[in-house]
Amino acid sequence: MAKNNRKECIHKRMRTLNLYEKCYDLVKQIPPGMVSTYGLIAEALGDKIAARAVGKMLGENQRSFLRKDVPEEEKVPCHRVVKSDGAIGGFTSEGGVSDKIALLCAEGVKIVDGIVQDFETRVFTDFKTDYPLARIRKEQEMLSREILIADDYKLTDVGIVDVAYYGRKAFCALVVLDAYGEKKGVFRAVCDVMFPYIPTYLAYRELPPIFNVLDIYRPSILIIDGNGILHPRGMGIASHVGVLAEIPAIGAAKSLLTGELRDDKILLDGKHVGYVVEKYFVSPGHRVSIESARELVKRFHTYIREAHREAGRMKSTSDF
DNA sequence: GCGACAG
DNA sequence: ATCTTGTCGC
Ligand SMILES: [Mg+2]
């Protein structure tokens with residue numbers, strides 16, 4: 001792996017960032033008798049786009065007020081988080097939303113027809129936070145300046161990588177082909193999930209498992225399920241992996257995150273950043289030109305599904 | 001009210 | 001990508 005110390009530090013910091021705990025720490029700040037919203041927690045994390053991810057993380061909360069085996073001070077009052085319009089929102093437990101209503105009622109918060117009464121006066125907004133997602137955006141913008149969009153690779157082999165999930169475990173598969181498209185092998189790695197899926201922050205979820213597999217085998221060029229420079233800050237996961245691991249990388253996404261189409265060209269702010277190839281939105285990540293990214297995905301795209309399958313079947317294998 | 005929203 | 005606690009804009 002790269003021994004660039006600065007990049008090592010960025011990588012190490014990413015591996016230790018646990019957004020679940022950041023989220024739970026924020027929710028613990030909401031006092032009894034008050035509520036907050038998924039969107040406000042997301043803003044306190046640094047980006048409102050994470051609202052749905054906040055709901056997802058709270059759905060995985062293992063320290064709710066219904067648990068009898070968790071110390072009081074460790075409990076996370078996720079029942080105090082509701083929707084931005086005062087609607088009660090969801091709740092994962094035996095009793096579902098009725099458990100949430102009962103917990104709030106016991107704290108003096110009345111719910112009528114699924115709406116929090118006196119919502120405006122009961123909303124807690126005064127979070128103490130260091131806005132981790134804001135810091136991450138800055139990091140993305142900083143690293144994007146190190147992207148090279150020009151051919152700087154050898155084609156001794158090709159790696160195609162994808163990640164599957166089972167609860168808080170990530171399963172990463174790397175399918176390696178020779179330059180003729182012959183399958184040479186599959187490498188696998190697992191890792192605990194510390195970061196939910198948040199649009200435009202995918203790299204911070206999937207980089208740790210991908211780096212684990214690159215530690216086992218490092219192909220001459222990498223195709224990644226996601227975007228390269230086709231990203232609001234020009235720093236999709238393929239660029240992120242490319243720059244931090246100093247490896248040529250291409251992004252191939254199954255849907256369009258941002259940008260517009262003009263025939264088979266993909267434009268971002270009017271600038272040509274990629275191509276549509278088969279069913280993929282292809283953009284270079286690092287050390288590959290836009291044209292070569294297109295040609296390489298044309299040649300190897302059938303193996304993208306193969307990597308996807310390989311990651312998926314790891315979930316049902318007991319080896320990990 | 002429905003779709004968007006990398007994975 | 002899962003196995004479902006969102007928000008905004010049209
Ligand atoms: Mg994937």
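Numbered from 1 within each chain, the chains take letters A, B, ... in sequence-line order.
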Strictly by modelled atom types, are A:Asp157 and A:Tyr217 linked by a side-chain donor-acceptor pair under 3.5 Å?
-> yes
Using a 4.0 Å heavy-atom cut-off across all strands, classify A:His231 as base, sugar-phosphate, or nothing.
->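 If one applies the 4.0 Å heavy-atom cut-off, A:His231 turns out to touch a base.
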Ring-face cation of A:Arg168 near A:Tyr20 (centre distance under 6.0 Å, axis angle within 45°) = yes
Could you tell me whether A:Arg287 sits above the aromatic face of A:Tyr153, with NZ or CZ closer than 6.0 angstrom to the six-membered ring centre and within 45 degrees of the axis?
-> no
Ignoring backbone atoms, establish whether [X] has a side-chain N or O less than 4.0 Å from OP1 or OP2 of [N].
X: A:Lys48; N: C:dG6; result: no
X: A:Ser255; N: B:dG7; result: yes
X: A:His308; N: B:dG7; result: no

Just how far, in rounded Å, is P of C:dT5 from CD1 of A:Ile88?
->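 Rounded to whole Å, this separation is 13 Å.
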Calculate the interatomic distance between A:Tyr165 atom OH and B:dG7 atom C1'; express it in whole Å.
->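 One finds 7 Å between C1' of B:dG7 and OH of A:Tyr165, rounded.
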Which of these nucleotides, [options], is closest to any side-chain atom of [X]?
X: A:Ala164; options: C:dT7, C:dT2, B:dG7; value: C:dT2
X: A:Lys56; options: C:dC3, C:dT5, B:dG7; value: C:dC3
X: A:Ser84; options: C:dA1, C:dC8, C:dT5; value: C:dC8
X: A:Lys83; options: C:dT7, C:dT5, C:dA1; value: C:dT7
X: A:Ala51; options: C:dT5, C:dG6, C:dA1; value: C:dG6

Same-atom distance (C1') from C:dT2 to B:dC5, integer angstrom |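 Rounded to whole Å, the distance is 15 Å.
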Considering Watson-Crick and G-U wobble pairs with both distances under 3.5 Å, what does C:dT5 pair with?
->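 Answer to the pairing question: none, since C:dT5 forms no Watson-Crick or G-U pair.
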A:Lys298/A:Glu278 ion pair, N-O < 4.0 Å | no
Donor-acceptor pair under 3.5 Å, A:Tyr38 side chain vs C:dT5 base = yes
